[in-house]
Amino acid sequence: MNILKNISLKKYNTFGIAANAKRFITINSVYELQQLLKIEKNIFLISGGSNMLLTKDIEQLVTHINIKGISIDKEDHFAAYITVNAGENWHDFVLWSVSQNYGGIENLSLIPGNVGTCPIQNIGAYGVEVKDTITQVEALEIETGKLVSFSNIACKFGYRNSIFKNAVKGKYIIISVSFRLTKNEHNLNTSYGAIEDKFALKNIKNPTLKDISDAIIAIRKSKLPDPKKIGNSGSFFKNPVISKLQFLELQKAYPKMPNYTVSNDEIKIPAGWLIEQAGFKGKRYGDFGVHEKQALVLVNYGNASGKEIYQLAQNIQKSILNIFGISLEIEVNVI
Ligand code: EPU
């Protein structure tokens with residue numbers, strides 16, 4: 001087993017934070033992972049590194065999950081059942097699905113990260129969440145090395161949430177994810193305003209999966225920073241859900257406050273709007289700041305430390321609490 005010493009993690013996390021790993025190993029197969037678990041259980045997992053903010057060096061053995069492979073388990077007239085290994089790049093999998101005319105994840109185009117981590121935070125965008133296509137998640141239990149399957153229901157998916165962030169956090173290593181993707185009668189989701197605008201512009205009346213994927217890639221590129229150029233982890237905070245009562249009070253002072261009904265007495269407010277109102281949008285402090293086109297995204301312009309970015313996040317949380325009485329919850333995993 002090839003354990004490397006003192007490795008910079010800068011290229012292994014999309015925030016581009018130069019924290020160090022005292023020891024580092026790349027895992028290319030389930031067998032290698034099982035062998036590793038026999039000798040070491042105190043590991044720190046890194047996959048696409050797209051949802052973490054590293055605020056310190058890592059003492060545990062940093063284990064880079066790089067298990068590749070896609071297999072079509074079965075197909076019928078309606079659907080394809082596909083298992084994808086954890087180390088596959090998420091966006092490459094989306095593009096492949098679109099090219100095969102397999103539907104269900106086209107709205108999740110261009111989300112950074114790997115397939116193995118998509119269930120953990122139940123990635124979502126433009127009206128679609130990955131939970132709607134996942135049939136099963138296979139994982140190794142760290143303590144025993146045993147292979148365990150989680151059905152969709154067992155994953156306890158919620159908004160940017162799952163059992164892997166809660167009851168079994170840190171206990172399993174996801175090795176593959178299985179999906180059911182449509183082959184005919186795709187359930188297209190094009191209701192998001194910006195998607196409709198793109199189609200109107202191109203006079204597209206019956207969009208294909210590729211039309212949707214292309215539109216979303218263009219929308220994301222216009223709003224969200226490319227982690228290869230500017231370090232970031234996508235939305236840093238979750239969109240907060242407040243009571244209808246609190247919303248009606250706030251609406252008196254802020255009549256333009258955007259809002260989405262969650263239930264009879266709960267309203268979701270876009271955190272990006274709150275952060276923009278608080279004056280943080282586009283603010284740059286040295287090598288870090290708040291993205292100029294989407295205030296929900298914190299960015300590293302080069303050599304920021306995780307501590308600096310975390311400090312900024314805390315300042316934003318304080319400010320939003322003072323102004324609006326709303327607590328912003330951090331979505332990214334702060335290490
Ligand atoms: N808004 C502002 N200012 C901003 C940003 C947003 O006023 O700087 C307002 C917009 O005007 C709009 C509303 O907030 O009315 C919603 O904005 P947007 O459509 O950009 O979506 P979001 O709620 O900010 C969420 C997801 C994104 C996902 C988009 C599109 C969360 C935490 N974020 O953002 O996910 O791409 O919807 O579906 O739910 C991610 O999780 O990393 C991510 C990028």
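A quick note: this is a predicted structure, and the numbers were derived from the prediction, not measured. Whatever order the structure lists ligands and atoms in, that order sets their numbers, starting from 1.
- The shortest N or O to N or O distance between Ala295 and ligand 1 is below 3.5 Å.
- Ring to ring, Phe179 and Tyr102 are not that close: their centroids are 6.0 angstrom or more apart.
- The side-chain hydrogen bond (donor to acceptor under 3.5 Å, both in side chains) search around Asp226 returns none, not counting sequence neighbours.
- Ranking protein heavy atoms by distance to atom 41 (O) of ligand 1, first place goes to Arg160 NH2, 2.8 Å.
- Residue contacts with ligand 1, taken as heavy atom pairs separated by less than 4.0 Å, involve Phe237 solely via the backbone atoms N, CA, C and O.
- Looking at atom 25 (C) of ligand 1, its nearest protein heavy atom turns out to be Asn239 ND2, 4.1 Å.
- For Glu331, no nitrogen or oxygen atom sits less than 3.5 Å from a nitrogen or oxygen atom of ligand 1, counting backbone and side chain alike.
- At a distance under 4.0 Å, no protein heavy atom can be found next to atom 11 (O) of ligand 1.
- The option with the heavy atom closest to atom 21 (O) of ligand 1, from among Trp273, Tyr260, Tyr192, is Tyr192.
- Comparing Ser233, Pro240, Ser235, Gly282 against atom 44 (C) of ligand 1, the shortest heavy-atom distance belongs to Ser235.
- Looking from atom 39 (O) of ligand 1 to the surrounding protein, the closest heavy atom is Tyr159 OH, 2.7 Å.
- Given atom 38 (O) of ligand 1, the protein heavy atom at minimum distance is Tyr126 N, 2.6 Å.
- Between Tyr254 and Phe324, the angle of the ring planes lies from 30° to 60°, which puts this pair in the tilted group.
- Within a 4.0 Å radius of atom 29 (C) of ligand 1, the protein has no heavy atom.
- Between Glu276 and ligand 1, at least one N/O pair is under 3.5 Å apart.
- Under the 4.0 angstrom criterion, atom 35 (O) of ligand 1 counts as having a protein heavy-atom contact.
- Relative to the ring axis of Tyr81, Lys74 places its NZ or CZ within 45° and under 6.0 Å from the centre.
- Nearest non-hydrogen protein atom to atom 5 (C) of ligand 1 is Gln294 OE1, 2.9 Å.
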Between Glu40 and Arg23, is a salt bridge (charged side-chain N to carboxylate O under 4.0 Å, His left out) present by the stated rule, with each step listed? CA-CA 12 Å; Glu40 178 87 57; Arg23 295 177 306 140; 3.3 Å; yes

